[in-house]
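Take a look at the structure below.
A note on names: the letters A, B, ... follow the listed sequences, proteins ahead of strands, and every chain is numbered from 1. Note that this is a predicted model, so its numbers are computed, not measured.
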Amino acid sequence: MSQSAAENKKPSYKKTLNLPKTSFPMKANLVQNEPASLKRWSKGKLYDALKEERAGTDFAGGRFVFHDGPPYANGSIHLGHMLNKCLKDFVVRSKVMEGMSCEYVPGWDCHGLPIEHKVMQELSESGKLAKLQGLEEGARRMAVRRECKKYAEKFIKVQRVQMERLMTLADYDNPYLTMVPSYEGAVVEVFAELVERGVVYRQLKSVHWSIANETALADAELEYYDREDISVYVDFEAADAGAVYDAFGLTGEARPDQTPCFMIWTTTPWTLAANLGIAVHPRFEYVLARVDGNYTVLAEGLLEKVTKQAGAEEVEIIAKAKGEALLELRYKHPMRDAAPALAELPKVAVRHAEEGRCYRVIAAEYVTLEDGTGLVHTAPGHGSDDYITGVREKLPIYCPVNGDGTYDGTVPEKYTGMSVWDANEKVTEDLRTSGHLFYSHKFMHSYPHDWRGKTPVIFRATEQWFITVDDKAVGRSDSLREMALSATAEGVRFVPDWGRNRMRGMLESRPDWCISRQRSWGLPIPAFYDGEGKVLLTAASVRAIAKLFREEGSDAWFTMEPADLLKHYDWGDAPEGFDRATMRTGHDIFDVWFESGSSWNAVMRERSGGRDYPIDLYLEGSDQHRGWFQLSLLPALGATGVAPFKTVLTHGFMVDKNGQKMSKSLGNTLDVEDLVKEFGADVCRWWLATISYEGDIKSDHDFFRTAGEAYRKVRNTIRFMLSNLDDFTPSPPPPTPGKDCTSGEGMCVAMRDYPAESIDAWVLGEFDKMNSAVREAYGAYNFRGATELLYNFCNDTLSAVYLAAVKDRLYCDRIDSARRRLTQSTLWDLTDGITRLLAVVLPHTADEAARALRKGEDVCVHRMTFVDSFGAPCNENWSKAIDARDAALKALEDVRAKGELDNPLDAGIAMPDPEGVLAVFDAVDLADLMGVSRVTLGGADVEVQDLRGEARCERSWKRDGTVRERSDGGMLSDRDAGAVGV
RNA sequence: GGGCCUGUAGCUCAGCUGGUUAGAGCGCACCCCUGAUAAGGGUGAGGUCACAGGUUCGAAUCCUGUCAGGCCCA
């Protein structure tokens with residue numbers, strides 16, 4: 001008590017210090033303050049202003065063409081959207097800060113089943129659907145389309161607000177939407193190019209088919225219910241017994257004198273009428289077995305199960321062979337003498353087919369040993385796998401079933417007109433009678449049903465539109481697949497590089513692209529059919545529709561008469577004999593991937609008259625290798641001959657902290673809006689910038705907290721610099737070096753006037769290195785590297801080293817001393833440079849700081865560019881000084897650990913300097929750098945001196961050897977006495 | 001089942017074409033400062049590089065397999 005009373009009598013110097021002062025708060029309050037930034041930018045038309053000025057000659061930074069992939073206009077954005085949009089924003093902002101022109105036109109994918117499905121459900125629940133059933137088809141489709149459009153618009157609005165809240169700098173006032181007329185027209189124009197190239201064709205394909213509604217269904221329209229069916233094991237007699245025995249290596253005496261059978265299994269006996277092949281797994285082991293006197297072939301692994309189930313009494317394995325050995329063996333169809341002749345089948349069923357390929361054993365990898373016999377009955381017209389196998393094996397896509405579920409006239413007469421459901425029993429019965437049935441039983445299983453009618457669905461081949469990937473395009477010597485593979489191999493850059501492998505693998509194995517869907521909510525495929533079923537779809541007719549869609553929108557397809565739809569068509573290339581009188585429109589719409597896959601044309605070529613093509617960068621999740629990337633590449637190559645993108649960048653998927661996928665049902669998701677509300681967009685963005693996005697991205701609520709702490713560290717460093725610039729204005733002209741500045745004169749020091757030995761020159765040099773490294777990292781899309789550099793610079797170079805060292809002169813020097821002004825000048829430049837670098841990741845905070853730096857001037861950091869190198873002359877020995885600092889700190893820590901000296905200002909350091917490299921520096925600078933009162937050079941080892949016996953300056957707390965009692969009664973060092981004026 | 005990818009300190013990640021005691025940040029522990037203070041600084045302890053084989057004088061790094069996870073197919 002008495003001591004403090006004594007101290008009170010002494011002069012207090014605290015108010016004579018230049019202590020930090022700033023309006024830039026320590027607490028960011030992002031959640032409250034970010035919206036104000038957004039409002040300010042929006043009021044200042046930031047996006048438009050940037051677009052305009054960067055396009056001009058003042059910013060000759062070049063042009064970077066980025067193209068946003070359209071998210072689906074459905075629901076709120078999730079963590080994946082947040083990652084995707086923010087990464088895009090980092091790219092765009094870093095290009096803009098480099099002085100480049102870089103537009104970010106956001107888009108939305110509007111058409112498609114998920115919306116239509118949801119709308120149909122809502123209509124169904126509200127009872128409106130029943131009313132629609134009474135309408136004529138076109139009117140009904142239009143009613144659904146109107147609802148879908150409203151639905152899409154609603155979620156575009158929702159998502160837009162959410163994306164803007166993430167502070168992404170994009171043209172949200174002018175987005176591209178795949179459902180607007182100009183976009184639709186441009187997509188159809190791409191289609192016209194492909195038609196002209198001859199890569200568009202029509203063919204049957206097996207799809208889910210609702211008999212009740214006579215319509216094709218997508219996977220999402222199926223619901224699975226239990227259903228009782230017949231499971232049948234059927235013997236298909238071999239056509240050539242000798243060939244089968246050869247395959248099993250049986251010769252002479254060893255050969256049975258009976259004809260063996262291939263035993264297949266199916267739960268849809270009605271499809272046997274359309275059977276064209278038997279699939280085996282080439283690597284599985286098969287046996288020739290004698291089962292109750294009959295010789296039959298089936299998989300070894302299923303022999304016991306099947307025969308036991310059927311209650312066979314005598315089972316004997318005669319021989320074994322790999323599936324591979326059975327390939328190409330022939331069999332006799334149990335219900336018909338010959339396969340349907342290709343000539344009698346519709347053209348669309350036989351495009352890939354070759355005569356005489358039916359009733360063979362063929363290979364398929366999907367054959368399993370779970371159920372059945374290991375020999376899979378294959379009917380290309382009635383199964384998904386069967387279809388693919390059929391196309392590959394050049395089988396016709398034979399489909400003897402009408403839309404109403406009855407057999408047509410190509411099956412044995414007794415079945416014609418029969419419903420397939422009735423046929424199940426009848427066929428089974430007939431096979432039993434004819435001796436082909438090995439075994440049958442009824443069983444319950446999960447079976448797909450129409451979600452609306454709850455009726456069971458079947459697979460049925462229907463006519464679809466395709467884009468061929470293997471036929472050569474007209475006027476070219478290569479196919480789309482070949483073009484795409486060569487673009488993938490050479491022209492396109494992939495980030496990360498393995499994207500190339502992934503794309504190649506997918507291209508190599510992909511089948512022809514089925515681009516048609518049988519839905520309402522989409523872009524119609526502009527095909528017309530006459531009464532005979534003849535098709536009108538030519539380059540010119542398609543272009544005519546494209547023009548019309550641009551004028552009227554694709555709704556016209558459902559509201560206008562065919563003749564009016566074709567008003568821009570001159571009929572020059574119409575197919576011969578096409579009957580215009582009976583012409584009607586087709587009901588197919590495009591696969592939505594064709595629409596989004598044409599955005600390079602509908603958005604990018606459209607807006608720039610071709611200048612912005614090909615595009616510099618596509619950036620999406622790694623699932624888009626198969627999606628948007630590939631399905632943009634194919635149409636673009638077909639239409640323009642070049643890949644639409646120069647670089648493809650992919651990011652991984654968000655997973656939970658244990659690496660498991662995130663899903664609502666698992667309850668391990670994080671809500672974007674909640675995160676933004678809790679942490680603010682800048683903190684979320686900081687986290688996103690610091691992750692390595694190439695692979696899976698683990699995310700957890702805690703990670704955002706950690707990011708918040710890192711954010712605060714950076715923020716505090718900036719705040720500390722700002723707080724030491726309160727009395728500083730960087731006004732020209734620069735002061736004369738060495739001469740003290742007075743307010744009113746310029747306070748800024750010109751770079752060339754920096755003393756090379758000053759710590760300020762050193763820190764500016766460090767900034768230059770960091771600045772160019774960060775810019776390089778941004779350029780390489782390495783945001784993690786960039787934020788790491790920035791973080792370390794703020795914490796290490798600045799907070800721990802430089803700012804700690806210059807505190808003394810900032811606080812204690814006379815307010816206008818040359819040394820202090822030099823440091824302030826440096827602080828100003830550092831803050832300026834750092835805020836510009838941070839503007840990419842922390843748009844709000846960087847702008848807040850940039851404005852605080854300029855004391856309320858109405859500026860915007862986002863209109864600026866990165867600073868160039870400061871280039872202050874710097875003594876090359878500074879790295880040695882930093883080494884010396886490390887050595888000093890270590891020595892101080894050792895002393896402190898022994899409990900000898902706690903406060904470094906009570907210490908001096910004796911530092912060896914054998915090469916004399918430290919001697920060039922000011923001793924006070926070195927002392928400040930090491931945080932001690934005094935540094936002397938020389939000696940053999942680093943030595944800590946206890947200065948507690950010397951007087952301590954009551955103002956600066958240093959014991960620098962100049963401290964003595966002054967006229968005011970205080971103990972002050974020379975410098976402090978001067979500053980106080982005593 | 002197939003293609004592509006991932007698996008390094010408690011956590012998030014660096015570790016180039018194989019070469020001395022495997023690095024960083026966070027967290028943690030201990031300490032300092034109290035004129036950046038719901039701040040700042042220092043020191044330190046943490047790793048059988050998923051597992052099992054193999055190639056090599058030598059492997060976190062190359063090869064094979066296993067396990068776990070992700071995306072896309074089937």
Can you tell me how far apart SG (A/Cys794) and CZ (A/Arg715) are? Round to the nearest 0.5 Å.
12.5 Å
With sugar-phosphate meaning primed atoms plus P, OP1 and OP2, does A/Asp894 contact a base, only sugar-phosphate, or nothing at under 4.0 Å between heavy atoms?
nothing
If I pick the C1' atom on B/rU8 and the same atom on B/rG47, what distance separates them, to the nearest angstrom?
8 Å
Output yes when at least one side-chain N/O atom of A/Tyr366 is less than 4.0 Å from OP1 or OP2 of B/rG2, else no.
no
Would you indicate what A/Asp902 reaches in the nucleic acid, counting non-hydrogen atoms under 4.0 angstrom: base, sugar-phosphate, or nothing?
sugar-phosphate
Between A/Tyr811 (OH) and B/rA36 (P), how many Å, whole number?
4 Å
Verify stack between A/Trp957 ring and B/rG35 base, 5.5 Å, 30 degrees
yes
Paired to B/rU34 by Watson-Crick or G-U wobble criteria (both distances under 3.5 Å) is none
Across the strands shown, which category fits A/Asp696 at heavy-atom distances under 4.0 angstrom: base, sugar-phosphate, nothing?
base
Using the P atoms only, state how far B/rC28 lies from B/rA74, rounded to an integer number of Å.
48 Å
Write down the distance between CZ (A/Phe703) and C1' (B/rG27), rounded to a whole number of angstrom.
12 Å
So, for A/His81 and A/Tyr72, is the gap between ring centers shorter than 6.0 Å?
no
Side chain of A/Cys812 - closest among B/rG40, B/rG70, B/rG35:
B/rG35
Could you check whether A/Lys807 gets within reach of a base, just the sugar-phosphate, or nothing at all, counting any heavy atom under 4.0 Å?
base
Can you measure A/Asn658 atom CG to B/rC11 atom P for me and round it to whole angstrom units?
10 Å
5′-ward residue of the pair A/Glu365/A/Met662 relative to RNA chain B:
A/Glu365
From B/rC33, B/rG35, B/rA24, pick the nucleotide closest to the side chain of A/Leu19?
B/rG35
Sidechain-backbone polar pair: A/Ser206 side chain, A/Ser384 backbone, donor-acceptor under 3.5 Å:
no
Separation of atom CG in A/Asp702 from atom C1' in B/rG10, rounded to whole Å:
12 Å
Contact class for A/Lys21 (heavy atom, under 4.0 Å): base, sugar-phosphate, or nothing?
nothing
In terms of side-chain heavy atoms of A/Ser622, which of B/rC71, B/rC4, B/rA38 is nearest?
B/rC71
Rounded to the nearest angstrom, tell me the gap between atom CG in A/Leu810 and atom P in B/rG35.
16 Å
Can a donor-acceptor pair be found between the side chains of A/Asp591 and A/Trp513 at a distance below 3.5 Å?
yes
So does A/Arg502 reach the base of B/rC71 with its side chain, donor to acceptor, closer than 3.5 Å?
yes
Quick check for you: among B/rG42, B/rC71, B/rA24, whose closest atom lies nearest to any side-chain atom of A/Lys661?
B/rC71
Considering every strand and a 4.0 Å limit on heavy-atom distances, what is the contact class for A/Glu893: base, sugar-phosphate, or nothing?
base
Using a 4.0 Å heavy-atom cut-off across all strands, classify A/Arg955 as base, sugar-phosphate, or nothing.
base
B/rG15 to B/rA9 separation - P atoms, rounded to the nearest Å
15 Å
Mind calculating the distance between CG (A/Leu889) and P (B/rG41) to the nearest angstrom?
12 Å
Separation of the C1' atoms in B/rG7 and B/rG44, to the nearest angstrom:
29 Å
Rounded interatomic separation in angstrom, taking CD from A/Glu900 and C1' from B/rC31
15 Å
Cation over ring face, A/Arg955 and A/Tyr811, 6.0 Å, 45°:
no
Looking only at B/rA24, B/rU34, B/rU12, the nucleotide nearest the A/Lys698 side chain is B/rU12
Using a heavy-atom cut-off of 4.0 Å across all strands, would you classify A/Asp385 as base, sugar-phosphate, or nothing?
sugar-phosphate
Nucleotide B/rG70, atom P - distance to CD1 of A/Ile691 in whole Å
18 Å
For B/rG41 and A/Ser799 - does any side-chain N or O of the residue sit under 4.0 Å from the phosphate oxygens OP1/OP2?
yes
Counting any heavy atom closer than 4.0 Å, what does A/Ala800 reach on the DNA or RNA strands: base, sugar-phosphate only, or nothing?
sugar-phosphate
Checking all strands, does A/Gly659 fall into the base, sugar-phosphate, or nothing category for heavy-atom contacts under 4.0 angstrom?
sugar-phosphate
C1' spacing across the pair B/rU55 / B/rU64, given as an integer number of angstrom
11 Å
Under 4.0 Å between a Lys/Arg side-chain N and an Asp/Glu carboxylate O for A/Arg896 and A/Glu893?
yes
Taking the side chain of A/Lys890 as heavy atoms from C-beta outward, which of B/rG70, B/rG40, B/rU43 is closest to it?
B/rU43
Taking only N and O in the side chain of A/Asn501, is any of them less than 4.0 Å away from OP1 or OP2 of B/rG3?
no
With P as the reference atom in both, quote the distance from B/rG41 to B/rA36 in angstrom, rounded to an integer.
11 Å
For B/rA68 versus B/rA24, give the span between their C1' atoms, rounded off to a whole number of Å.
27 Å
Quick check: on RNA chain B, is the nucleotide nearest A/Lys713 upstream (toward 5') of the one nearest A/Thr690, or the reverse? Name the residue that is more 5'.
A/Thr690
Pick base, sugar-phosphate or nothing for A/Arg719, based on heavy-atom distances below 4.0 Å to the nucleic acid.
sugar-phosphate
Do the side-chain N or O atoms of A/Ser692 get closer than 4.0 angstrom to the phosphate oxygens (OP1, OP2) of B/rC13?
yes
With a 4.0 Å cut-off on heavy atoms, is A/Glu709 in touch with a base, just the backbone sugar-phosphate, or nothing at all?
sugar-phosphate
Please classify the nucleic acid contact of A/Lys14 as base, sugar-phosphate, or nothing, using heavy-atom distances under 4.0 Å.
base
Strictly below 4.0 Å, N to O, side chains only: are A/Asp925 and A/Arg809 in salt-bridge contact?
yes
Touch check for A/Met506, heavy atoms < 4.0 angstrom, all strands: base, sugar-phosphate only, or nothing?
sugar-phosphate
Under 3.5 Å, is there a donor-acceptor pair between the A/Tyr802 and A/Asp760 side chains?
yes
Go through the side-chain N and O atoms of A/Thr845 and A/Tyr711 and say whether any donor and acceptor fall under 3.5 Å apart.
yes
Tell me if B/rG46 is syn or anti. Syn = glycosidic torsion within 90° of 0, anti otherwise.
syn
Taking CD in A/Glu324 as the centre, count heavy atoms belonging to other residues, nucleotides or ligands within less than 6.0 Å. Is the count above 12?
no
Taking a pair as Watson-Crick or G-U wobble with both distances under 3.5 Å, which nucleotide is matched to B/rG44?
B/rC28
C1' atom, B/rC4 versus B/rC11: distance in rounded Å?
27 Å
